[in-house]
Amino acid sequence: MSLIVQKFGGTSVADLERIRNVAKRVIKTYDQGNDVVVILSAMAGITDNLLGMAQGVSETPDKRELDVLLATGEQTTSALLAMILKSMDYPAQSLLGHQAEVVTDHCFGNARIVDIRTDRINELIGNRNIVVIAGFQGCDPQGNITTLGRGGSDTSAVAIAAALKADVCEIYTDVDGIYTADPNICDKARKLNAISYDEMLNMASLGAKVLQIRSVGFAKKYNIPVHVRSSFSEEEGTMVVNEDSGMERLVVSGVTHDKNQARITLKKVPDQPGVAAKIFTPIADSGTVVDMIIQNTRAGGQTDLTFTVPRASFQTALAIEKRIAKEIGAEDVFGDESIAKVSVIGVGMKDHSGVASKMFATLAAENINIILISTSEIRISCIIEEKYTELAVRVLHTAFGLDTE
Ligand code: ADP
Ligand code: ASP
Ligand code: MG
């Protein structure tokens, strides 16, 4: 007998029929004698609808109240699943984030889990209940409802699995595992049997939204095996595990894309000490995360400086830089939201040369212009025009020998 945490994403609970299917899966695991804790997302599209409603009320909705609103999506699905299970004579109980005692910091909209007090969940499991917990939400020490950032129910699931010392955390989604590239845009993407925590951390941070990055961090820290698999088939999915579990080592093991990107350029910035600090300090103070930065030196003691931010932060960052440009005497500021980041990833890259040049040549052969480049030991990322994203992913996937036959 095992303790199994099962998380179902938005498409898996998109309507009542699908929630009934979830009930069947959960019951199957329970009837095999396992203890089951279920974490649910909101129905697909609901979180976006709720966000839209909030924006209809105010351009900058109050962050505390926004989290109260967004948490209702997961409250709905959790209540419905528990109701269905009970109507089938299975002992079940739903818990909201605060009832499951998922304690977070105060950061509304992007809160971090700091503690999970498992007494209530353990008591319910001890009495052979199926515990259904609303994902994506917690509460701060003052009892305010918080949410964990988009895709956050993955993190709820892995964090709860860690706190309960579960045997496995199963993530049920609309694809049947983790692929070498997003299978929805690259039809030659290959399903992986296993992937290491570190590679998955890289893929998640570079745009593969199949797992929220923080969930992979929890899984690695507490050594929780995560099984990503389909809600709609019985097939085995992909195990996210420690590195030495007999995995194949490719130079490049995956290609990712991220359309959540925007860039800002300051033209003819005086090339003096302290100027970069003046440009980036107010951006950091606004809570915006800057990703790539590039500075080109011109003749005449001036530089051009370009950096990227998440699209949601674009307008705020642009407004800040328009003010700063006047203060420091830069000639112009402009921005662009129609860009994307494509990356090739692989731990095997550490001791191989020629990966970057192959990536650039592959994009050049398709006439795709590279706007910005950044590299680390195990990945290379290029910013390109958004309209070329799908093409770029496909040609890179082929060029690095990742295609299925
Ligand atoms: P859920 O609602 O179940 O949490 P998500 O939409 O958050 O599902 O994540 C699943 C999606 O992740 C897939 O539909 C797929 O388009 C996308 N995805 C991106 N990169 C990958 C990848 N490398 N492997 C599998 N899926 C990926
Ligand atoms: N419902 C939330 C979202 O859409 C959380 C999740 O699905 O993981 O982002
Ligand atoms: Mg998700």
Side-chain angles (χ1 to χ4, degrees), residues 6-14 18 22 39-52 66-67 69-78 97 109-111 133-138 146-160 169-195 199-216 226 228-232 237-238 240 252-260 312 340-346 389-390 393-394 396-397 402:
Q6 299 187 322
K7 178 255 167 176
F8 295 86
T11 39
S12 313
V13 292
R18 290 193 179 176
V22 167
I39 316 295
L40 293 186
S41 290
M43 291 178 176
I46 290 295
T47 310
D48 286 332
N49 288 349
L50 292 168
L51 267 173
L66 184 59
D67 274 2
L69 180 70
L70 293 186
T72 61
E74 275 70 11
Q75 175 162 354
T76 308
T77 47
S78 305
N110 198 21
I133 302 175
F136 179 54
Q137 54 178 269
T146 53
T147 64
L148 310 181
R150 297 308 302 269
S153 47
D154 296 330
T155 301
S156 307
V158 181
I160 289 169
C169 180
E170 298 181 336
I171 304 282
Y172 287 87
T173 184
D174 58 358
V175 286
D176 58 6
I178 297 163
Y179 281 72
T180 47
D182 185 341
N184 285 323
I185 69 162
C186 180
D187 56 8
K188 291 193 172 145
R190 215 155 32 89
K191 189 171 119 185
L192 302 166
N193 293 328
I195 184 169
E199 276 181 313
M200 192 59 228
L201 276 172
N202 266 287
M203 283 183 75
S205 71
L206 294 168
K209 65 169 185 166
V210 60
L211 285 176
Q212 197 201 35
I213 183 163
R214 283 184 189 164
S215 71
V216 191
V226 174
V228 177
R229 58 192 308 187
S230 168
S231 275
F232 309 108
T238 303
V240 190
V252 168
S253 54
V255 181
T256 60
H257 68 282
D258 185 356
K259 293 187 176 178
N260 179 25
K341 179 162 72 174
V342 288
S343 310
V344 299
I345 302 166
T389 313
E390 285 77 9
V393 169
R394 285 196 288 264
L396 290 170
H397 198 268
L402 296 172

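Ligands are counted one by one from 1 in listed order, and the atoms in each one are counted from 1 as well. In this chain, residues are counted from 1 in sequence order.
When the heavy-atom distances from atom 3 (C) of ligand 2 to M43, R150, Q137, E74 are ranked, the shortest goes to R150. Between the choices T238, D182, T256, the shortest heavy-atom distance to atom 15 (C) of ligand 1 belongs to D182.
When side chains are defined from C-beta on, R229 does not count as touching D176, because their heavy atoms never get closer than 4.5 Å.
Comment: D174 does not engage R18 in a salt bridge, judged by the lack of any side-chain N to carboxylate O separation of less than 4.0 angstrom.
Between A157 and I171, the shortest heavy-atom distance links the atoms CB-CD1, 4.3 Å.
Against a heavy-atom cut-off of under 4.0 Å, N184 is close to the following atoms of ligand 1: 13 (C), 14 (O), 15 (C), 16 (O). The atoms of ligand 1 that sit less than 4.0 Å from any heavy atom of A181 are 22 (C), 23 (N). The P183 neighbourhood of ligand 1 comprises atoms 24 (N), 25 (C), 26 (N), 27 (C), with distances under 4.0 Å to a heavy atom of that residue. In the vicinity of M203, heavy-atom distances shorter than 4.0 Å reach the ligand 1 atoms 23 (N). Near K7, the atoms of ligand 1 lying under 4.0 angstrom from a non-hydrogen atom of the residue are 4 (O). Within the listing of ligand 1, atoms 6 (O), 7 (O), 9 (O), 12 (O), 19 (C) sit less than 4.0 angstrom from a heavy atom of K209. Atoms of ligand 2 found under 4.0 Å from any heavy atom of S41 (numbered from 1 in listed order, with element): 6 (C), 7 (O), 8 (O).
The N/O atoms of G151, backbone and side chain alike, include one that comes under 3.5 Å of an N/O atom in ligand 2. At least one N or O atom of Y179, backbone or side chain, sits closer than 3.5 Å to an N or O atom of ligand 1. Close N/O approach between G10 and ligand 1 is found [any backbone or side-chain N/O within under 3.5 Å]. The distance criterion of under 3.5 Å between nitrogen or oxygen atoms is met by T173 with respect to ligand 1. Between D174 and ligand 1, a contact under 3.5 Å exists for at least one N or O pair.
Of the protein's heavy atoms, S153 OG, 2.5 Å lies nearest to atom 8 (O) of ligand 2. Of the protein's non-hydrogen atoms, G177 O, 3.4 Å is the one closest to atom 25 (C) of ligand 1.
E74 places a side-chain N or O within 3.5 Å of a backbone atom of A42 that can act as its donor or acceptor partner. Using modelled atom types, no side-chain atom of T256 and backbone atom of G207 make a donor-acceptor pair closer than 3.5 Å. Between the side chain of S343 and the backbone N or O of L206, no donor-acceptor pair lies under 3.5 Å. Although no hydrogens or angles enter the test, the distance criterion places no donor-acceptor pair under 3.5 Å between the side chain of D154 and the main chain of S215. Using modelled atom types, one side-chain atom of Q212 and one backbone atom of L148 make a donor-acceptor pair closer than 3.5 Å. Of the possible polar contacts, none joining the T146 side chain to the A111 backbone as a donor-acceptor pair under 3.5 Å is found. Looking only at distances, a side-chain donor or acceptor of R190 sits under 3.5 Å from a matching main-chain atom of L402. Checked by atom type and distance alone, the side chain of E390 never pairs as donor or acceptor with a backbone atom of C186 at under 3.5 Å.
Distances from ligand 1 to the non-hydrogen atoms of S41 include no value under 4.0 Å. Contact annotation: G152 has at least one heavy atom less than 4.0 Å from an atom of ligand 2. Using a 4.0 angstrom heavy-atom cutoff, G207 does not count as in contact with ligand 1. Distances shorter than 4.0 angstrom do not occur between any heavy atom of M200 and any atom of ligand 1. Residue contacts with ligand 1 leave out G151, since none of its heavy atoms falls under 4.0 Å from the ligand.
Taking K188 as the reference, nothing meets the salt bridge (Lys or Arg N to Asp or Glu O under 4.0 Å) condition, with sequence neighbours excluded.
When heavy-atom distances to ligand 1 are checked against a 4.0 Å cut-off, V175 comes that close only through its side chain, counted from C-beta outward. The parts of V210 lying near ligand 1 are both backbone and side chain, judged by heavy-atom distances below 4.0 Å.
Using a 3.5 Å distance cut-off with no hydrogens or angles, the side chains of D67 and T147 do pair a donor with an acceptor.
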Stepwise salt bridge (Lys or Arg N to Asp or Glu O under 4.0 Å) test for E170 and K7 | CA-CA 6 Å; E170 298 181 336; K7 178 255 167 176; over 6 Å; no

